[in-house]
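Only one structure is covered here, and it is reproduced in the block below.
One-based numbering along the sequence shown. Just follow the structure's listing: the first ligand is 1, and inside any ligand the first atom is 1. Being a predicted model, the structure only gives us computed values, none of them experimental.
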Amino acid sequence: MNDDQPICLCFGVAKRKVVQFIRTEHPKTASQLSECFGAGTGCGWCRPYLEQLWKSETPESEALPDADQYAIDRQKYRDAK
Ligand code: FES
């Protein structure tokens, strides 16, 4: 996934937006990332990845899954719910 691809597919929130939010707003909890265009408040698939960025000292450098595989896995997650 590159920085311009959505980490939150429900709301189309790009990784870059989340990293910028972390850098500028310094959220105290991962759940506060929901204030970044609603990230994580839909199906919930992206929450572990949002938490990964939030926990990281260098969120811009965090490797996330390939965007196509990420979308496929998210669809499986949604289908299983
Ligand atoms: S992908 Fe982020 S809440 Fe569904």
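- An angle of 100° is found at atom 2 (Fe) of ligand 1 between C8 atom SG and C46 atom SG, rounded to 10°.
- Distance NZ/K15 to CD/Q5: 10.0 Å, rounded to 0.5 Å.
- Remark: among candidates S34, G42, A39, G38, the nearest residue to atom 3 (S) of ligand 1 is G42, based on non-hydrogen atoms.
- Counting atoms of ligand 1 from 1 in the listed order, those under 4.0 Å from a heavy atom of C43 are 1 (S), 3 (S), 4 (Fe).
- Interatomic distance, SG of C46 versus CD of Q52, reported as 12.0 Å (0.5 Å rounding).
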>> salt bridge (charged side-chain N to carboxylate O under 4.0 Å, His left out), that's the test. Do E51 and K55 meet it? Break it down for me.
In response: CA-CA 6 Å; E51 187 167 353; K55 284 181 174 174; 3.2 Å; yes
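- Protein heavy atom nearest atom 1 (S) of ligand 1, with residue, atom name and distance: L9 N, 3.2 Å.
- Close approach of ligand 1 to G44 is summarised as follows: ligand atoms under 4.0 Å from at least one heavy atom of the residue are 3 (S), 4 (Fe).
- Between the CZ atom in F11 and the NZ atom in K17 there is a gap of 16.0 Å [rounded to 0.5 Å].
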> Under the side-chain contact (heavy atoms from CB on, under 4.5 Å) criterion, do F37 and V18 qualify, and how do the steps go?
Replying inline: CA-CA 9 Å; F37 303 100; V18 173; over 6 Å; no
